[in-house]
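Structure first, then comments.
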Protein chains: 2
Amino acid sequence: MTDPKKRLDQMIAKLRKNDFRITPQRLAILKILASSTNHPSVENIYGKVKKDFPTTSLATVYKTLIVLKEIGEVLELGFGDGGNRYDGNKPNPHPHLICTGCGTIMDPDLESLGDMTEALKRATGFQILTHRLDFFGLCPDCQKSRSAR
Amino acid sequence: MTDPKKRLDQMIAKLRKNDFRITPQRLAILKILASSTNHPSVENIYGKVKKDFPTTSLATVYKTLIVLKEIGEVLELGFGDGGNRYDGNKPNPHPHLICTGCGTIMDPDLESLGDMTEALKRATGFQILTHRLDFFGLCPDCQKSRSAR
DNA sequence: TTATTAACGGATAATCTTTATCGATAATAA
DNA sequence: TTATTATCGATAAAGATTATCCGTTAATAA
Ligand SMILES: [Mn+2]
Ligand SMILES: [Mn+2]
Ligand SMILES: [Zn+2]
Ligand SMILES: [Zn+2]
């Protein structure tokens with residue numbers, strides 16, 4: 001995990017560089033994203049921000065995420081069903097390991113997909129800009145609770 | 001590409017086996033999915049079905065897709081924005097190459113992710129059931145039209 | 001062939017997440 | 001400190017998918 005303080009500084013610097021303002025609500029959202037390793041949802045972020053700023057609107061969370069996506073400081077994981085999840089600690093594309101039982105999302109240690117990407121470029125002529133790799137399954141805990149019943 | 005006729009027979013057999021009925025509308029949808037290699041959207045399927053059965057409802061397309069997902073005879077590719085895309089010719093998980101310019105989705109030839117999956121199982125204890133791998137970029141045509149302006 | 005019955009089709013309402021809108025407010029620079 | 005706008009908060013709107021309801025029909029067996 002990247003040091004949350006360092007990530008926060010990176011995010012702030014990038015916002016300043018692109019002429020975005022640092023508001024208290026925004027800063028609170030940045031802190032949550034920089035330090036979380038559990039890929040929070042919008043509702044999750046919203047709930048935490050409201051502890052410090054009770055009047056915060058859900059739209060503010062969404063709008064901040066849109067800005068962070070624009071400048072590449074958060075990785076959005078969209079799923080067909082339910083809400084998106086966000087990784088602000090590690091904003092560049094990387095594989096994820098998702099438990100369909102409890103919703104946990106982890107960052108596994110895996111070598112990159114560089115070789116595969118290169119082969120694709122040569123074979124298809126595509127200019128590949130990004131990728132997404134998700135593995136779905138059941139975490140050890142959910143395997144237990146499933147076999148228990 | 002798998003032979004569309006063979007895929008159609010597989011889909012019909014699987015539906016029968018699970019006590020689902022083969023209706024004219026359903027059959028039309030199956031044929032489209034079995035023979036298409038361009039990962040059609042719901043609207044795309046809907047438009048084609050209406051040529052033969054003008055009274056078909058959009059809900060019927062959705063309901064048929066839900067059934068096919070249940071029995072594993074179609075692969076759903078959900079994206080955060082816009083509608084889903086479907087692969088009925090190749091229903092098992094496989095990588096996709098997606099042009100963000102024109103929306104084309106292709107099935108590239110790539111060796112499997114078997115090694116990566118095994119390593120993940122050992123390292124994390126997860127029971128991995130499925131995966132998804134998408135590469136995003138610009139197809140050769142879209143690269144040209146972009147550089148032209 | 002006909003009767004039976006549960007599944008299906010069509011129409012549309014409801015749901016859910018995300019985005020758009022807009023007046024009020026506050027961050028930033030001069 | 002003041003002026004300029006980006007941003008906030010509240011809420012409406014959009015868009016895709018699912019739920020609901022009831023008349024119809026495919027599948028099965030008598
Ligand atoms: Mn991650
Ligand atoms: Mn495919
Ligand atoms: Zn789990
Ligand atoms: Zn293209």
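Every chain is numbered from 1, with letters handed out A, B, ... down the list of sequences.
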Tell me: [atom1] of [X] to [atom2] of [N], nearest whole Å?
X        : N       : atom1 : atom2 : value
Leu77(A) : dT18(C) : CG    : P     : 12 Å
Phe20(B) : dG9(C)  : CZ    : P     : 11 Å
Arg26(B) : dG9(C)  : CZ    : C1'   : 9 Å
Leu58(B) : dG9(C)  : CG    : P     : 13 Å
Tyr46(A) : dT17(C) : OH    : C1'   : 14 Å
Gln25(A) : dA26(C) : CD    : C1'   : 9 Å
Glu43(A) : dT17(C) : CD    : P     : 7 Å

- Note on the structure: Of Ile22(B) and Lys63(B), the one whose nearest nucleotide on DNA chain D sits closer to the 5' end is Lys63(B)
- On DNA chain D, nearest-nucleotide positions of Asp19(A) versus Pro24(B): which is more 5'? Asp19(A)
- Task: Test side-chain contact (heavy atoms from CB on, under 4.5 Å) on Asp134(B) and Thr130(A) and set out the steps.
- Result: CA-CA 9 Å; Asp134(B) 294 340; Thr130(A) 186; over 6 Å; no
- Message: For a quick check of understanding: with a heavy-atom distance under 4.0 Å over all strands, which category does Asp81(A) fall into, base, sugar-phosphate or nothing?
- Response: nothing
- Item | Whether Phe135(A) and His131(B) hold their rings parallel, tilted or perpendicular, with breakpoints at 30° and 60° | tilted
- Query: Between His94(B) and His39(B), what is the ring plane arrangement, given parallel below 30°, perpendicular above 60°, and tilted in between?
  - Reply: tilted
- Query: If you walk 5' to 3' along DNA chain D, what is the first nucleotide with an atom under 4.0 Å of a heavy atom in chain A, and what is the last?
  - Reply: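 Extent of the interface on DNA chain D: dT5(D) to dT11(D).
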- Query: Is any side-chain N or O of Tyr62(A) closer than 4.0 Å to OP1 or OP2 of dT18(C)?
  - Reply: yes
- Message: At less than 4.0 Å, is any side-chain N or O atom of Arg21(B) found next to OP1 or OP2 of dA6(C)? Yes or no.
- Response: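 No, because none of the side-chain N or O atoms of Arg21(B) sits under 4.0 Å from OP1 or OP2 of dA6(C).
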- Item | Asp87(B) versus Asn89(B), closest heavy-atom pair with distance |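 Between these two residues, the closest heavy atoms are OD1-N, 3.0 Å.
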- Hey, are Asp9(A) and Arg7(A) close enough for a salt bridge, meaning a charged N less than 4.0 Å from a carboxylate O? no
- Message: Can you tell whether the side chains of Arg85(A) and Glu76(A) come within less than 4.0 Å, N to carboxylate O?
- Response: no
- Task: Measure from NZ or CZ of Arg132(B) to the centre of the six-membered ring of Phe79(B), then state whether that distance is under 6.0 Å and the direction lies within 45° of the axis.
- Result: yes
